[in-house]
Number of protein chains: 2
Amino acid sequence: MSLSCHLPNVMAEMCPSRRILNHVTSRWGMLILIALQDGTQRFSALRRRIGGVSERMLALSLQQLERDGLVHRRAFDVVPPHVEYTLTPLGTEAAARVRALAEWVEDNLSRLPPEALAG
Amino acid sequence: MSLSCHLPNVMAEMCPSRRILNHVTSRWGMLILIALQDGTQRFSALRRRIGGVSERMLALSLQQLERDGLVHRRAFDVVPPHVEYTLTPLGTEAAARVRALAEWVEDNLSRLPPEALAG
DNA sequence: CTCCTAGCTAACATGAATGTAGGTACTTCC
DNA sequence: GGAAGTACCTACATTCATGTTAGCTAGGAG
């Protein structure tokens, strides 16, 4: 089994693609990407839209996605603060795939065995 | 913000789709689904193929996917044990989406900012 | 007789992800 | 005057995911 990877390969233990894949599929990262598909949104709009996310986790997840070049942050120097988040071109591509997966889950929930929804 | 959900919606905090989405996008769950796209495979074949997975996590993740109806487990009562894992029709559909995402990450790693790969 | 394989399970240990509570610096609304 | 909104950050606590080690079955290889 290959540890490192010359060509990116998620099956390789040390391949950086793994880290990125985990960011993109993180609990809140996925939902942020999906929410931003509708266009630029402010921090608190995202917070209201993504049910159950804490301020802290929203901030952390947004920073992660920004570092990965998937989300663009634009801050206006006013009081009260005004910050807008937008998908980058790269983020738009990723979001489409994430959304396809999420939508599949939503659309096929009823086909899943009952025990899948418990525990 | 809606806590429960009549229609499945990943933005709703208590919607079961969230749980399933997290299973499917779990660190090892994703890689299992992708690996099984090539067809039926035995436990230890998966273990060798998926770099860095421990026996325990492979077993746990497979059980999770089995409960969710995405993977089918077929055990032969022989010694040494012989167990085969296969994608169900549902699992095949999910795997395609997961793979699309993983492949996108692999193919676009080089477009990501350098700081995305560090940390 | 011992080690090796297969495919697990249980007990225990760690680490990463996530949550909670509080503070910040102002403004507007009541 | 007091509360709420805005977009955070920090310290601390907890929970969950994951890892580590050991053990189990029974046969074949050495």
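Each chain gets a letter, A, B and so on, in the order its sequence line appears, and its residues count up from 1. When reading the values below, keep in mind they use all heavy atoms of this one structure, side chains included, and skip hydrogens, waters and symmetry mates.
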Taking the side chain as C-beta and beyond, is there a heavy-atom pair between A:Leu109 and B:Pro16 under 4.5 Å?
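Yes - at least one pair of side-chain heavy atoms lies under 4.5 Å apart.
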Rounded distance in Å - [atom1] ([X]) to [atom2] ([N]):
X	N	atom1	atom2	value
B:Gln63	D:dA17	CD	P	14 Å
A:Phe43	D:dC9	CZ	C1'	11 Å
B:His23	D:dT18	NE2	P	11 Å
B:Leu62	C:dC8	CG	P	8 Å
A:Phe76	D:dC8	CZ	C1'	17 Å
A:Leu46	D:dT6	CG	P	12 Å

Working to the nearest 0.5 Å, report the span between CD of B:Gln41 and CZ of B:Arg47.
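The CD atom of B:Gln41 sits 14.5 Å away from the CZ atom of B:Arg47.
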Would you compute the distance between atom CG of A:Leu46 and atom CG of A:Leu36 and round it to the nearest 0.5 angstrom?
5.0 Å
Return the nearest nucleotide to the side chain of A:Arg42; candidates are D:dC9, D:dA7, C:dT9.
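Selected nucleotide: D:dA7.
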The complete set of salt bridge (Lys or Arg N to Asp or Glu O under 4.0 Å) pairs with one or both residues in residues 88-105 of chain B, sequence neighbours excluded, reads A:Arg111-B:Glu93, B:Arg99-B:Glu103
Evaluate the ring planes of A:Phe43 and A:Tyr85, with Trp represented by its six-membered ring, and classify them as parallel (under 30°), tilted (30 to 60°) or perpendicular (over 60°).
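It falls in the tilted class, 30° to 60°.
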Below 4.0 Å: OP1/OP2 of D:dC8 and any side-chain N or O of A:Arg73:
yes
For D:dA7, take OP1 and OP2 only and decide whether either is under 4.0 Å from a side-chain N or O of A:Arg74.
no
Just list the side-chain donor-acceptor pairs under 3.5 Å for residues 24-33 of chain B, sequence neighbours left out, or say none.
from	atom 1	to	atom 2	distance (Å)
B:Thr25	OG1	B:Leu21	O	2.7
B:Ser26	OG	B:His23	O	3.0
B:Ser26	OG	B:Gly29	N	3.1

Run the salt bridge (charged side-chain N to carboxylate O under 4.0 Å, His left out) test against A:Asp38 and tell me which residues pass, sequence neighbours left out.
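For A:Asp38, the residues satisfying salt bridge (charged side-chain N to carboxylate O under 4.0 Å, His left out) (neighbours in sequence not counted) are A:Arg49.
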Identify every side-chain donor-acceptor pair in residues 53-62 of chain A under 3.5 Å, counting partners at least two apart or on other chains, and give the distances.
from	atom 1	to	atom 2	distance (Å)
A:Ser54	OG	A:Met57	N	3.2
A:Ser61	OG	A:Met57	O	2.7

Sugar-phosphate, base or nothing in reach of A:Gln64, heavy atoms under 4.0 Å
nothing
Side chain A:Arg42, main chain A:Glu84, donor-acceptor under 3.5 Å
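No, A:Arg42 side chain to A:Glu84 backbone: no donor-acceptor pair under 3.5 Å.
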Residue-level proximity of residues 77-87 of chain A to DNA chain C when a heavy atom falls under 4.0 Å:
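Correct list: A:Val79.
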Which protein N or O atoms sit under 3.5 Å from an N or O of nucleotides 16-22 of chain C?
from	atom 1	to	atom 2	distance (Å)
C:dT18	O4	A:Arg56	NH2	3.0
C:dG19	OP2	A:Trp28	NE1	3.4
C:dG19	N7	A:Arg56	NE	3.1
C:dG19	O6	A:Arg56	NE	2.9
C:dG19	O6	A:Arg56	NH2	3.2

